[in-house]
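A short worksheet on the structure shown next.
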Number of protein chains: 2
Amino acid sequence: MNKQKTIFDPIKRTRTFEDVSDKIKQLIFDDVLKPGEKLPSEAQLAQQFGVGRQTVREALRLLEISGFITIHRGGSGGPIIKDTILNRISDLFLDAFRIKKVTLAELTVARLEIEKVVLNYVIDNVEESDIISLQKNVAEARKKIDNKIVATEENIQFHTLLAQASRNHVFFIVVESIMAIVGDFLSRIGPDVKTSDNVVSYHEDIVKAIAEKKRTKAINLLEQHLLEVRNRLKPFVNQKKESNSK
Amino acid sequence: MNKQKTIFDPIKRTRTFEDVSDKIKQLIFDDVLKPGEKLPSEAQLAQQFGVGRQTVREALRLLEISGFITIHRGGSGGPIIKDTILNRISDLFLDAFRIKKVTLAELTVARLEIEKVVLNYVIDNVEESDIISLQKNVAEARKKIDNKIVATEENIQFHTLLAQASRNHVFFIVVESIMAIVGDFLSRIGPDVKTSDNVVSYHEDIVKAIAEKKRTKAINLLEQHLLEVRNRLKPFVNQKKESNSK
DNA sequence: TCACATTTGTCCGTATGTATC
DNA sequence: AGATACATACGGACAAATGTG
């Protein structure tokens with residue numbers, strides 16, 4: 001996978017379970033194995049690859065942690081192809097926050113800049129179906145607000161829909177990863193209805209500006225919106241956060 | 001680690017190796033275990049935690065892939081606390097790009113936009129050490145060119161160094177992931193010395209503009225440079241790309 | 001250079017927990 | 001409830017790698 005990542009890693013010690021994992025990964029990349037499909041059981045895989053069960057176990061563990069498969073126990077259980085990579089990325093980002101490798105300030109800056117770029121691209125490439133999706137999203141959010149319910153889920157989805165409308169997978173993957181982290185923060189903070197209402201208002205205006213192809217207006221709205229979000233999150237930046245045991 | 005991540009994930013039965021992994025993670029978060037320190041061997045950990053060696057192995061595997069430790073074999077080997085989490089995130093982004101079948105066209109567009117934003121931040125946040133790293137990079141590249149050797153590796157590294165100079169880890173991770181794929185393409189295309197020379201020239205000018213804090217000049221140079229790269233890659237945009245074997 | 005000790009990597013056999021039918 | 005199929009976990013054993021004397 002990642003050879004010569006650094007020049008300092010000289011010898012390529014190839015561990016069998018990594019070979020097995022890479023082989024299965026390759027089958028997924030090549031669409032031979034598709035999401036939803038079941039992999040053979042550990043015992044069968046061990047036999048087919050001609051390795052021990054322990055080796056297969058560690059290969060599957062690697063794939064599970066890397067977000068390629070999920071594993072279920074019990075009858076008719078076993079490994080299933082399922083893409084959870086973006087969740088894994090946000091998990092690792094959260095770990096990175098904990099060991100102070102990445103700060104919330106860095107994240108919000110990156111988010112602001114990348115979303116601005118994305119929005120600019122959306123104006124040029126947006127299709128009718130995207131606008132409908134966005135309008136549907138804000139309509140549902142507004143409905144919740146009217147019933148005094150916070151619309152956190154919809155408000156996060158708004159930004160991933162926006163990234164989707166850029167018709168660029170790189171933008172989509174990056175934005176969705178970032179929003180997964182933002183969502184995690186928000187779930188801990190627990191926004192109130194008034195805040196949620198404010199967010200939805202911005203989203204409504206942004207959708208309108210996109211539909212009318214008003215580029216600078218849309219970008220200004222987004223910037224103002226995200227700056228407000230950043231200010232709301234600011235108090236939590238340096239907050240001592242003990243991990244979630246339960 | 002990740003309880004109630006999504007509402008749809010019903011009950012997270014706790015697996016023993018996850019408990020072991022979480023315990024060690026917590027010790028790292030709490031600075032009880034610091035980078036560089038050695039963990040006990042698998043056998044010792046198994047005894048101390050009162051679990052089997054296989055369970056410890058899977059826990060260590062999880063920590064390894066999550067970027068908390070590295071593992072070495074042989075005498076005086078074993079697990080060592082080492083933070084490689086950002087590399088792990090980059091690897092996952094790389095996987096995400098592959099699994100989502102990101103096209104070269106999407107990649108070059110996103111790269112152009114994101115690097116422009118990054119460079120803007122570089123101008124504001126660059127430190128002396130960054131400029132020295134960049135100068136060293138182009139000097140080595142120039143040396144290779146003078147000897148009629150292509151400097152692909154240095155030319156890719158240039159852009160990750162640039163992202164590093166933005167002093168924003170999120171930018172760095174994203175750019176590093178993108179450049180990994182770009183490098184993958186270039187290694188297959190095999191640029192000639194003349195092309196490589198052209199690239200190095202741009203890099204030299206960009207470094208100079210950064211050192212002189214000439215913002216618009218630097219950004220214009222980068223844009224022109226990346227547009228030329230895009231044009232060179234254009235013939236390969238629709239080429240069937242089988243992913244990386246090794 | 002040559003053992004030697006340590007530690008991970010791999011395999012086997014077995015037992016238990018867990019989910020499905 | 002019982003049978004089945006699967007992951008999870010334990011213990012023992014040997015092979016391979018690697019630093020040390």
Side-chain angles (χ1 to χ4, degrees), chain A residues 1-3 6 8-25 33 36-82 84, chain B residues 1-3 8-24 33 36-82 84:
Chain A
M1 209 68 261
N2 33 342
K3 317 301 185 206
T6 70
F8 312 104
D9 226 286
I11 314 133
K12 191 197 99 179
R13 89 273 177 163
T14 153
R15 297 185 284 190
T16 312
F17 70 84
E18 284 177 331
D19 294 341
V20 173
S21 164
D22 282 350
K23 230 168 219 175
I24 296 175
K25 259 193 194 178
L33 297 172
E37 285 183 15
K38 259 189 64 174
L39 256 59
S41 69
E42 288 179 0
Q44 286 173 314
L45 285 172
Q47 203 178 11
Q48 290 178 27
F49 282 113
V51 297
R53 280 195 297 282
Q54 169 93 12
T55 304
V56 170
R57 268 188 80 71
E58 297 199 34
L60 293 177
R61 189 69 58 234
L62 209 152
L63 290 170
E64 184 188 30
I65 299 166
S66 300
F68 284 84
I69 65 171
T70 61
I71 300 175
H72 295 92
R73 282 181 284 197
S76 83
I80 297 178
I81 311 283
K82 187 176 176 187
T84 63
Chain B
M1 208 67 259
N2 33 342
K3 318 292 186 218
F8 314 103
D9 229 285
I11 310 138
K12 182 75 172 193
R13 69 283 176 190
T14 155
R15 296 184 284 189
T16 312
F17 73 85
E18 282 176 336
D19 293 342
V20 173
S21 163
D22 281 352
K23 239 168 211 170
I24 297 175
L33 297 172
E37 286 182 16
K38 258 190 66 176
L39 256 60
S41 70
E42 290 177 356
Q44 286 175 314
L45 285 172
Q47 204 179 9
Q48 290 178 26
F49 282 113
V51 298
R53 199 185 141 210
Q54 171 165 347
T55 305
V56 170
R57 276 187 68 76
E58 296 193 34
L60 292 178
R61 194 67 56 234
L62 205 157
L63 291 170
E64 185 186 30
I65 296 166
S66 300
F68 286 86
I69 66 171
T70 62
I71 298 174
H72 296 93
R73 281 184 282 197
S76 82
I80 297 177
I81 312 283
K82 187 176 174 187
T84 62

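Note on naming: letters A, B, ... go to the chains in the order of the sequence lines (proteins, then strands), and numbering restarts at 1 for each one.
- More than 12 non-hydrogen atoms from other residues, nucleotides or ligands lie less than 6.0 angstrom from CD of B:Glu37.
- Between B:Leu62 atom CG and D:dT8 atom C1' the separation is 15 Å, expressed in whole Å.
- Here C:dT8 presents its C1' atom at 12 Å from CD1 of B:Ile69, a figure rounded to the nearest Å.
- Atom C1' of nucleotide C:dG17 and atom NE2 of A:His72 are separated by 16 Å, given to the nearest angstrom.
- Residues A:Leu45 and A:Leu60 have side chains in contact (heavy-atom distance under 4.5 Å, counting atoms from C-beta outward).
- Distance CG/B:Leu63 to OG1/B:Thr70: 11.5 Å, rounded to 0.5 Å.
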Checklist entry - Can you check side-chain contact (heavy atoms from CB on, under 4.5 Å) on A:Arg61 and A:Ile71, steps first, answer last? => result CA-CA 9 Å; A:Arg61 189 69 58 234; A:Ile71 300 175; 3.8 Å; yes
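- With rounding to whole Å, B:Glu18 atom CD is found 18 Å from C:dG17 atom P.
- Taking every side-chain heavy atom of A:Ile71 into account, D:dA7 is the closest of C:dT20, D:dA7, D:dA9.
- Across the protein-nucleic acid pair, B:Glu58 atom CD and C:dG9 atom C1' stand 14 Å apart, rounded to whole Å.
- For the pair A:Glu42 CD and C:dT10 P, the computed distance is 15 Å after rounding to whole Å.
- Taking the nucleotide of DNA chain C with the nearest heavy atom to each of A:Gly74 and B:Pro40, the more 5' of the two is matched to B:Pro40.
- Taking all atoms of both residues into account, the shortest heavy-atom contact from A:Pro79 to A:Ile69 is CB-CD1, 4.0 Å.
- Of all the residues in residues 45-54 of chain B, B:Arg53 reach under 4.0 Å from DNA chain C with at least one non-hydrogen atom.
- The side chain of A:Arg57 contributes an N or O atom lying less than 4.0 Å from OP1 or OP2 of D:dT8.
- The side chain of A:Pro79 approaches D:dA7 more closely than any other nucleotide in the set C:dT7, D:dG19, D:dA7.
- Annotation: salt bridge (charged side-chain N to carboxylate O under 4.0 Å, His left out) contacts of A:Glu42 (sequence neighbours excluded): A:Arg57.
- Between A:Val56 and A:Gly77, the residue whose closest nucleotide on DNA chain C is further toward the 5' end is A:Val56.
- For the ring-ring contact (aromatic ring centres under 6.0 Å, His included) condition, the pairs that include at least one residue of residues 42-71 of chain A, sequence neighbours left out, are A:Phe29-A:Phe68.
- Atoms CG (B:Asp19) and C1' (D:dA9) sit 13 Å apart, rounded to a whole Å.
- We find that CZ of B:Arg15 is positioned 13 Å from P of C:dT18, with the value rounded to whole Å.
- For B:Arg61, no side-chain nitrogen or oxygen approaches OP1 or OP2 of C:dT8 to under 4.0 Å.
- For D:dA9, one of the phosphate oxygens OP1 or OP2 lies less than 4.0 angstrom from a side-chain nitrogen or oxygen of B:Thr16.
- In this structure, B:Arg73 does not reach the C:dT7 phosphate: none of its side-chain N or O atoms is under 4.0 Å from OP1 or OP2.
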